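In what follows, a single structure is set out as structure tokens and then discussed.
Just so it is clear, the structure is predicted and the values come from calculations on it, not from any experiment. Lettering follows sequence order; numbering is per chain, from 1.
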Number of protein chains: 2
Amino acid sequence: MTITQLSYVLAVAENQNFTKAAQKCFVTQPTLSMQIQKLEDQLDILIFDRTKKPIELTDVGRKIVTQARNIVNESYRIQDIVDQQKGFIGGEFKLGIIPTVMPTLLPMFLRNFIKKHPKVKLKIEELTTEEIMLRIKDGHLDAAIAATPLEDENIKERVLYFEPFVNYIPKNHRLHGAKKIDVADLEVDDMLLLEDGHCFREGVINLCKTFKNQTEETFQLESGSIETLIRLSNEGLGMTLLPYLHTLEINDKEKENLHYFNEPIPAREVSLIYHKSELKMQIIEALQDVISGVVRGAIAFQNVKIISPLPK
Amino acid sequence: MTITQLSYVLAVAENQNFTKAAQKCFVTQPTLSMQIQKLEDQLDILIFDRTKKPIELTDVGRKIVTQARNIVNESYRIQDIVDQQKGFIGGEFKLGIIPTVMPTLLPMFLRNFIKKHPKVKLKIEELTTEEIMLRIKDGHLDAAIAATPLEDENIKERVLYFEPFVNYIPKNHRLHGAKKIDVADLEVDDMLLLEDGHCFREGVINLCKTFKNQTEETFQLESGSIETLIRLSNEGLGMTLLPYLHTLEINDKEKENLHYFNEPIPAREVSLIYHKSELKMQIIEALQDVISGVVRGAIAFQNVKIISPLPK
DNA sequence: AACATCTATCAATAAAAATTATGAAAAAAA
DNA sequence: TTTTTTTCATAATTTTTATTGATAGATGTT
């Protein structure tokens, strides 16, 4: 039994296909077939049920895959120990970012980070919180930036910053006249929201519910991006809430529609999250340093009240 | 990096010697030298400091060995999963037994066990509780039989039986006339004990202390085996306590010196203990079944009061 | 029926591991 | 000190193992 064989098994289990798995392993398909057969022969069991299309794991196979993932992941940690010893910060690093953070935060720190740590090959992907949590647990992501707290025992969190919510209220809206807005003024029925699956949406709904006991039944419109939200709002379809960093990007005319909250200002907590095993911790800490440094200049609010974005 | 290389590293780390390690791995010494060098080259670090005699681990080396042990142990669990699936009970199994249990319990169950599970290659070693705990943690023992509770978070326990203490009181002793003895009658100063390191000694001392607030200062004599204890006692050097199973083995004349306790009868708890990772659990359960079955016939006390043998 | 997709098999070859034989350095013994 | 022994490294060679390209067979699709 070798680590290579185990990783071949993992690849086939994940792809449910020898040919695709072989590509991901950068070997030919017969290599996988033969090595996996060899392992099956040695253990004298079948890991895959090849009669099923697509291929399926047997009962033992499922248990073996779980253990194999364990072993393969633990084997990565050997290199990690060496890197840590050398103070080496480099190698491939897969980072997930939620959609409502991606467009504003990424440009702020990416250039800085690459400059400071040129040996790290960052692979960044925009994913929902749900996908992020799955992929951190199965090892396909090394870390992610998401709204917290998540309260998942397998995932650790390091708070990066608190991002205040800002009201975006078009000219024709009943609240446009008000200089500063109170949380109690918000009405869900009146608010443009992101579509389901965005945790920012959850945060806003929670905010409204907290202060008005509103149900989440009747939303007027839902959109997939905050950009669209602003456009829709401009068309007079309702007000919306923006995460603070987004308000730095909009044009001067639209800035006139921004209305800040009275203190305490509601905000979301944005954190760097990673698996509890703390693999590649040097890079995670490097990321935290760079991002915290950059954000400290951009967000300088005090008396910020935090609401939980995933209040299930 | 391969599991084989990692196990070579473990062998050298444990033996502090390439030649001996090679023998344990059933390969020649150059094989180890080359494979370990190859691993060191790939990681671009030194695992061993070869200038020191005997050879020593480097700082990184120590961390790598810890992780390597992890990986190698986890790799054994693959075979374990397969065995479990097949209901196969076999392979090498290393069992430790404390000295005061070994001579009485082993003959009771060994023949039975071998008959019932002929494919298991039992390797049994007599060890103190302290050694047992170390070796269970480092994987050199699969399980052990010891007095419990141990209260170690890495070690799980399954109680096999409660073994009452029996007084062995020679003719000339002040208590010889008494038919039944009370725990309160015991005097540490008056009692022959096993030498330091035997947990049975701890148990007895604890028993005396519990009822008389005696200090453990002045013991008259100490011995390494219970056999010797009986001989010394016969010579009129004091009374002693025997674990019940030992009393079944002594000759008729000596049996006259046995005096049972009044209820509640003090006893020690004897358990099958094993690492929390539950490797080779099928064999552990098979052992438990056989031993419990055998002992149930031999010990049939009720109203047994338990004292902790390791009261630190 | 023809085609496409997928895995297994085979022989050839490349790569890696293990072995035997040997050498050099350090420790132990004379 | 000199000799002997121990111990690890190196080199050349053999053995074993992994990988590949080509292809066959099986299954499902159009």
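Protein atom CD1 of Ile36(B) is 19 Å distant from nucleotide atom P of dA16(C), rounded to whole Å. As a whole-Å value, the separation of Gln23(B) CD from dT19(C) C1' is 15 Å. Per the geometry, CG belonging to Asp49(A) stands 17 Å off P belonging to dC6(C), to the nearest Å. For the pair Leu46(B) CG and dC8(D) C1', the computed distance is 14 Å after rounding to whole Å. Protein atom CG of Leu39(B) is 14 Å distant from nucleotide atom P of dA16(C), rounded to whole Å. dC6(C) atom C1' lies 13 Å from atom CG of Leu32(A), rounded to whole Å.
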Polar-atom pairs under 3.5 Å, protein N or O versus N or O of nucleotides 13-20 of chain D: list them with distances, or write none.
residue : atom : partner  : partner atom : Å
dT17(D) : O3'  : Lys38(A) : NZ           : 3.4
dA18(D) : OP1  : Lys38(A) : NZ           : 3.3
dA18(D) : OP2  : Lys38(A) : NZ           : 2.0
dT19(D) : OP1  : Tyr8(A)  : OH           : 3.2
dT19(D) : OP2  : Tyr8(A)  : OH           : 3.3
dT20(D) : OP2  : Thr28(A) : N            : 2.8
dT20(D) : OP2  : Thr28(A) : OG1          : 2.9
dT20(D) : OP2  : Thr31(A) : OG1          : 2.7

Got a list of protein N/O to nucleotides 1-7 of chain D N/O distances below 3.5 Å?
residue : atom : partner  : partner atom : Å
dT7(D)  : OP1  : Asn17(B) : ND2          : 3.3

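For Phe109(A), the ring pair (Phe, Tyr, Trp, His ring centres under 6.0 Å) criterion is met by no residue, not counting sequence neighbours.
Counting only distance, with no hydrogens or angles, the side chain of Asp49(A) and the backbone of Thr58(A) share no donor-acceptor pair below 3.5 Å.
Around NZ of Lys137(A), the count of heavy atoms belonging to other residues, nucleotides or ligands within 6.0 Å exceeds 12.
Tyr274(A) is not listed as a side-chain neighbour of Leu279(A), based on a closest heavy-atom distance of 4.5 Å or more. Here the side chains of Ile124(B) and Leu110(B) are in contact, with some heavy-atom distance below 4.5 Å.
Classification of Arg135(B) and Glu125(B) as a salt-bridged pair holds, one side-chain N sitting under 4.0 Å from a carboxylate O.
Between Thr4(B) and Ser7(B), the side chains place no donor N or O within less than 3.5 Å of an acceptor N or O (distance only, hydrogens not considered). Using a 3.5 Å distance cut-off with no hydrogens or angles, the side chains of Ser33(A) and Gln29(A) do pair a donor with an acceptor.
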